Number of protein chains: 2
Amino acid sequence: MEKPAEPRWLTEEEMQAWLALGGVLMWLPSALDAQLQRDAGITHFEYQVLAGLSMSPGGTLRMSELAAFSNGSLSRLSRVVDRLEKRGWVERRPDPDDGRYTLAVLTEAGREKVEQTAPGHVEEVRRLVFDPLTQAQARQLREISRRIGQAIDPDGGWPPTAAP
Amino acid sequence: MEKPAEPRWLTEEEMQAWLALGGVLMWLPSALDAQLQRDAGITHFEYQVLAGLSMSPGGTLRMSELAAFSNGSLSRLSRVVDRLEKRGWVERRPDPDDGRYTLAVLTEAGREKVEQTAPGHVEEVRRLVFDPLTQAQARQLREISRRIGQAIDPDGGWPPTAAP
DNA sequence: AGGTATTACTTGAGCCGTCAAGTAATTTGC
DNA sequence: GCAAATTACTTGACGGCTCAAGTAATACCT
């Protein structure tokens, strides 16, 4: 009736770490969304999309590349780009090299939007994440995050759709 | 035309840490949800609700306490408890001490569900979070998460609705 | 060359969460 | 002791996201 192997429960210390991490997983994205929503009227995901484009040559990326960069599904990106297009920050055009691809291109207004938004956002990341940490802890955070990331996905390609 | 103060940009090291953390923020909740969905057909939030009840005396908590414990809004909890009630794992009843409160009570079936589900979930948390870390890193993770949590919310009460 | 398979994206249906307005029970102020 | 305010929760409207099915362009195979 019982599962045969006794599970390896968490130690007290691990439990505390897990609860604290749980809070961060829950509230950090929410806090970043709140800042961007308040100061720029966009979500964090929309910001990532605009930022991704702004860092690419010509402010241009294929939808699939942009989806990978912004850690979102193609379906989600498609709808987000709809919204950004309606707001005049992005345009879509077919890739002349291969008609299956769609290029997302940052408009001039879009570039202005990112450039106005970035400083406040970086400031918030710094305030919430790096200011409270020592430099050594920031390095530890990098290493710890990498290891957890590795455990979640030994390769590097996660976005939905596993093995066909 | 430019913002007066030059923002304090992130150093290369911070940028790497931020990207790595971003991946964890994005994919760890998703990975945990996937395991629970696959093995138990419930979301991580639903699990937290059931687990919260199972750890309370009599398997009973007021809705508002349960919402605080599970890091969700009351509105969200209300709908989730609807679902759990339909599945026969939770019941609602008015608090006899104060009719404004609603008590959520874990049924026998609900308790069995948590007990069947917990070991696999704990195993997954261990696999994704603690197995890849040294013990010292787990301690660091606790401290780092606490500091970030503190920066997000100096007190301890976040769930929506700020100062009235 | 032509049919099939694959790739890249889009879109309809449905679920889930939020916000704001509504309801019911209790406390407060006079 | 009763009206007004507060508290605890519920619910309708709405938007975003995912899954799966659909569409269009290109690659592959013989």
Side-chain angles (χ1 to χ4, degrees), chain A residues 26-27 29-30 33-34 36-38 41-49 60-87 90-105 157-164, chain B residues 26-27 29-30 33-34 36-38 41-49 60-87 90-105 157-164:
Chain A
M26 194 76 191
W27 295 115
S30 170
D33 258 350
L36 283 168
Q37 198 66 50
R38 176 166 45 74
I42 59 180
T43 65
H44 188 236
F45 187 78
E46 289 169 336
Y47 175 77
Q48 282 189 59
V49 168
T60 296
L61 277 177
R62 294 170 168 176
M63 292 291 280
S64 37
E65 292 168 335
L66 189 50
F69 172 86
S70 55
N71 275 326
S73 67
L74 204 43
S75 164
R76 181 180 190 183
L77 182 67
S78 179
R79 299 187 192 275
V80 169
V81 169
D82 280 351
R83 299 200 289 271
L84 297 177
E85 211 168 10
K86 278 186 194 123
R87 303 231 243 163
V90 172
E91 282 173 8
R92 264 190 256 236
R93 61 184 65 145
D95 186 333
D97 293 354
D98 183 335
R100 287 171 300 182
Y101 290 93
T102 301
L103 299 177
V105 188
W158 239 64
T161 61
Chain B
M26 195 75 191
W27 296 116
S30 168
D33 258 350
L36 283 168
Q37 198 63 248
R38 177 167 45 76
I42 59 180
T43 65
H44 188 237
F45 187 78
E46 289 167 338
Y47 175 78
Q48 282 189 63
V49 168
T60 297
L61 277 176
R62 294 171 168 176
M63 292 291 281
S64 38
E65 293 167 334
L66 190 50
F69 172 87
S70 55
N71 274 326
S73 67
L74 203 42
S75 165
R76 181 180 189 182
L77 183 66
S78 179
R79 298 189 191 276
V80 168
V81 170
D82 279 352
R83 299 200 289 271
L84 297 177
E85 212 169 9
K86 277 186 196 125
R87 302 231 242 164
V90 172
E91 281 172 11
R92 265 188 258 234
R93 60 184 66 145
D95 186 333
D97 294 354
D98 184 335
R100 286 171 300 183
Y101 289 93
T102 299
L103 300 178
V105 188
W158 238 65
T161 60

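Since we're looking at a predicted model, the values are computed, not measured.
Between Gly99(A) and Val80(A), the residue whose closest nucleotide on DNA chain D is further toward the 5' end is Val80(A).
For the pair Asp33(A) CG and dG15(D) P, the interatomic distance rounds to 18 Å; values are reported in whole Å. Atom CD in Gln48(A) sits about 12 Å away from atom P in dC17(D), given to the nearest Å. Whole-Å rounding puts the Met26(A) CE to dT18(C) C1' distance at 12 Å. For the pair Arg76(B) CZ and dT11(D) P, the interatomic distance rounds to 18 Å; values are reported in whole Å. Whole-Å rounding puts the Arg83(A) CZ to dG15(D) C1' distance at 8 Å. Taking atom CZ of residue Phe45(B) and atom P of nucleotide dC16(C), one finds them 12 Å apart after rounding to whole Å.
Taking the salt bridge (charged side-chain N to carboxylate O under 4.0 Å, His left out) definition, one finds that Glu85(A) meets it with Arg92(A), sequence neighbours left out. Residues passing the salt bridge (charged side-chain N to carboxylate O under 4.0 Å, His left out) test with Arg76(B), sequence neighbours excluded: none. With sequence neighbours excluded, no residue satisfies side chain to side chain donor-acceptor pair (under 3.5 Å) with Asp33(A). Every residue meeting the salt bridge (charged side-chain N to carboxylate O under 4.0 Å, His left out) condition with Arg93(B), not counting sequence neighbours, appears here in chain and number order: Glu91(B).
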Sequence-aligned protein contact record of nucleotides 8-14 of chain C, with B where the base is within under 4.0 Å of a protein heavy atom and S where only the sugar-phosphate is: SBBBBB-
side-chain contact (heavy atoms from CB on, under 4.5 Å) between Asp95(A) and Thr102(A), intermediate numbers included: CA-CA 6 Å; Asp95(A) 186 333; Thr102(A) 301; over 6 Å; no
Look for any protein N or O under 3.5 Å of an N or O in nucleotides 2-4 of chain C and output each such pair with its distance, or none.
none

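For the pair Ser70(B) (side chain) and Leu66(B) (backbone), a donor-acceptor distance under 3.5 Å is present.
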